Number of protein chains: 2
Amino acid sequence: MARTQGSHSELTAPRIRAAALKLFARHGYAAVSMRQIAKDVGLQAGALYNYTPDKQSLLAELMRAHMEDLLAARAEAASAQLAPLEALAGFVRFHIGFHIERPEEVFIAYMELRALEPDNFADIEALRRRYEDELEAILRRGAAAGVFAVEDPKIATLAVIAMLTGVNTWYRAGGRLSLEEVEEIYWGMVRRAVGA
Amino acid sequence: MARTQGSHSELTAPRIRAAALKLFARHGYAAVSMRQIAKDVGLQAGALYNYTPDKQSLLAELMRAHMEDLLAARAEAASAQLAPLEALAGFVRFHIGFHIERPEEVFIAYMELRALEPDNFADIEALRRRYEDELEAILRRGAAAGVFAVEDPKIATLAVIAMLTGVNTWYRAGGRLSLEEVEEIYWGMVRRAVGA
DNA sequence: CTTTGATTTGAACGCCTGTTCAGTTAAGAC
DNA sequence: GTCTTAACTGAACAGGCGTTCAAATCAAAG
């Protein structure tokens with residue numbers, strides 16, 4: 001069995017994912033061809049099919065990996081026994097920090113949902129809902145404890161996430177504000193928005 | 001001079017725009033072909049070129065029309081002499097009402113910016129900035145008057161707009177909440193978020 | 001050094017792309 | 001009823017699409 005060690009595949013696979021991530025984020029899934037991805041990696045288009053069954057799976061895998069990273073990182077950062085206010089602060093800072101570090105993945109995850117075939121769409125959507133449920137649970141706990149004044153926890157969840165994810169539309173590393181300052185400003189707005 | 005009245009072009013032009021709007025919103029600009037648009041209208045692809053110089057202009061015109069509608073509707077609804085709190089309430093209700101009525105235009109305006117060639121991109125971006133400046137002016141006036149507690153008016157502007165526009169991701173006509181209820185919930189969150 | 005098989009090439013497949021344009025159709029003007 | 005011309009068709013253009021696959025390449029195992 002040759003090429004089990006030093007095989008190119010262990011290097012090529014992540015390079016293909018990186019190229020696809022970059023190009024999908026920049027131009028959109030439909031506007032990027034397999035030949036463009038291959039060229040970016042330094043391969044012929046046919047070689048990509050050693051690593052993905054088709055273009056759709058390449059996209060779906062990028063999105064699935066991102067959402068699973070998100071849930072795993074969140075599981076590590078969260079602590080269920082925190083009081084609602086501290087839990088919310090933790091969520092806000094986590095969300096901003098995680099998303100700001102992965103602008104390409106986030107862009108794709110929000111923009112290319114419509115490019116997913118039904119099965120893949122359902123999978124990704126389920127992962128997203130699991131993440132949203134974490135914030136919703138915090139808001140419900142806080143509302144039940146009388147610490148938050150949220151009229152509709154479900155909508156407050158979506159509103160807060162939309163506001164936080166919006167950071168990615170303007171934040172640039174090395175810009176006017178540091179990550180910590182951004183987290184502080186948004187935490188202030190979220191805290192007041194939920195009436196805490 | 002034949003066909004000056006009863007000409008098809010006065011009917012065909014808006015039908016082409018409507019078809020392009022629907023298809024671009026549903027599948028994305030890059031994923032929609034001129035033949036698909038033509039088929040939706042009931043024409044051959046070549047006939048589209050009596051109404052648009054090319055596919056790119058068709059997209060750019062849809063986006064420009066939407067942004068100009070937005071600014072015109074806003075100009076009509078706004079009244080500069082309102083106190084900051086009332087002005088903000090007016091902006092929030094206007095934004096939600098306007099955007100909820102035009103889900104396809106809004107979707108395209110936010111998702112297809114990257115599909116625009118540089119000149120078109122700059123045009124649309126300038127229109128968007130003009131709209132954002134209206135909210136920013138309200139927040140600055142309120143902050144100066146001590147009515148609002150916004151640490152960074154520019155970021156608060158983007159945060160509020162992101163939150164409000166997020167309504168379009170979940171709102172469906174005939175759903176659990178009426179437009180008025182949605183406006184009320186979001187106005188509550190925005191009012192508290194800016195410390196009013 | 002030969003063998004093995006993972007990896008990649010390069011050409012080909014059928015189909016679709018945006019756009020052009022000579023020719024056809026048909027509505028209104030005279 | 002003829003003329004004019006806007007509106008549209010249908011075919012063609014050159015090129016790109018996702019995907020397949022026999023053949024070539026080449027690193028490691030024996």
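Excluded from the calculations below are hydrogen atoms, water molecules and symmetry mates; all remaining heavy atoms, backbone and side chain alike, are included. It should be emphasised that the depicted structure is a prediction, and the values quoted were computed from it without experimental measurement. By convention in this document, chain letters (A, B, ...) are assigned in the order of the sequence lines, proteins followed by strands, and residues within each chain are numbered from 1.
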Can you name the residues that form a side-chain hydrogen bond (donor to acceptor under 3.5 Å, both in side chains) with B:Tyr131, not counting sequence neighbours?
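In terms of side-chain hydrogen bond (donor to acceptor under 3.5 Å, both in side chains), with neighbours along the sequence ignored, B:Tyr131 is linked to B:His95.
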Residues forming a side-chain hydrogen bond (donor to acceptor under 3.5 Å, both in side chains) with A:Arg74, sequence neighbours excluded:
A:Glu134
Nearest-angstrom distance from the residue atom [atom1] of [X] to [atom2] of [N]:
{"X": "B:Lys39", "N": "C:dT17", "atom1": "NZ", "atom2": "C1'", "value": "16 Å"}
{"X": "A:Leu48", "N": "D:dC17", "atom1": "CG", "atom2": "P", "value": "13 Å"}
{"X": "A:Leu43", "N": "C:dG10", "atom1": "CG", "atom2": "C1'", "value": "13 Å"}
{"X": "A:Leu11", "N": "C:dA6", "atom1": "CG", "atom2": "P", "value": "17 Å"}
{"X": "B:Asn50", "N": "C:dC21", "atom1": "CG", "atom2": "C1'", "value": "11 Å"}
{"X": "B:Ile37", "N": "C:dT19", "atom1": "CD1", "atom2": "C1'", "value": "13 Å"}
{"X": "A:Tyr51", "N": "C:dA6", "atom1": "OH", "atom2": "C1'", "value": "9 Å"}

Below 3.5 Å between N/O atoms, which protein atoms pair up with nucleotides 18-20 of chain D? Just atom names and distances, please.
unit_1	atom_1	unit_2	atom_2	d
D:dG18	OP1	A:Val32	O	3.4
D:dG18	OP1	A:Met34	N	3.4
D:dG18	OP1	A:Lys55	NZ	3.1
D:dG18	OP2	A:Met34	N	2.8
D:dG18	N7	A:Arg35	NH1	2.7
D:dG18	O6	A:Arg35	NH2	2.8
D:dT19	OP2	A:Tyr49	OH	2.6
D:dT19	OP2	A:Lys55	N	2.9
D:dT19	O5'	A:Tyr49	OH	3.3
D:dT19	O4	A:Arg35	NH2	3.3

Check salt bridge (Lys or Arg N to Asp or Glu O under 4.0 Å) between A:Arg140 and all other residues, then give those that pass, not counting sequence neighbours.
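Partners of A:Arg140 by the salt bridge (Lys or Arg N to Asp or Glu O under 4.0 Å) criterion, ordered by chain and then number, come out as A:Glu136.
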Checking B:Arg141 now: which residues fulfil salt bridge (Lys or Arg N to Asp or Glu O under 4.0 Å) with it, not counting sequence neighbours?
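With sequence neighbours excluded, B:Arg141 shows a salt bridge (Lys or Arg N to Asp or Glu O under 4.0 Å) to no residue whatsoever.
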Between CD1 of A:Ile155 and CD1 of B:Ile185, what distance do you get to the nearest 0.5 Å?
4.0 Å
Phosphate contact ([N] OP1 or OP2) by [X] side-chain N/O below 4.0 Å:
{"X": "A:Thr12", "N": "C:dT8", "result": "yes"}
{"X": "B:Gln44", "N": "D:dC8", "result": "no"}
{"X": "A:Gln36", "N": "D:dG16", "result": "no"}

Can you name the side-chain contact (heavy atoms from CB on, under 4.5 Å) partners of B:Arg15, sequence neighbours left out?
B:Val41
For B:Arg129, all residues meeting side-chain contact (heavy atoms from CB on, under 4.5 Å), sequence neighbours excluded
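B:Arg129 satisfies side-chain contact (heavy atoms from CB on, under 4.5 Å) with B:Glu125, B:Asp133 once adjacent residues are dropped.
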Worked check of salt bridge (charged side-chain N to carboxylate O under 4.0 Å, His left out) between A:Arg17 and A:Glu104:
CA-CA 12 Å; A:Arg17 286 195 295 270; A:Glu104 292 177 329; over 6 Å; no
Which residues satisfy the ring pair (Phe, Tyr, Trp, His ring centres under 6.0 Å) test with A:Tyr171, sequence neighbours excluded?
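Scan of A:Tyr171 (ring pair (Phe, Tyr, Trp, His ring centres under 6.0 Å), adjacent residues dropped) gives none.
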State, to the nearest 10°, the angle formed by the axis through the first five base pairs of the helix from C:dC1-D:dG30 to C:dC30-D:dG1 and the axis through its last five.
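The end axes of the helix from C:dC1-D:dG30 to C:dC30-D:dG1 are about 10° apart, to the nearest 10°.
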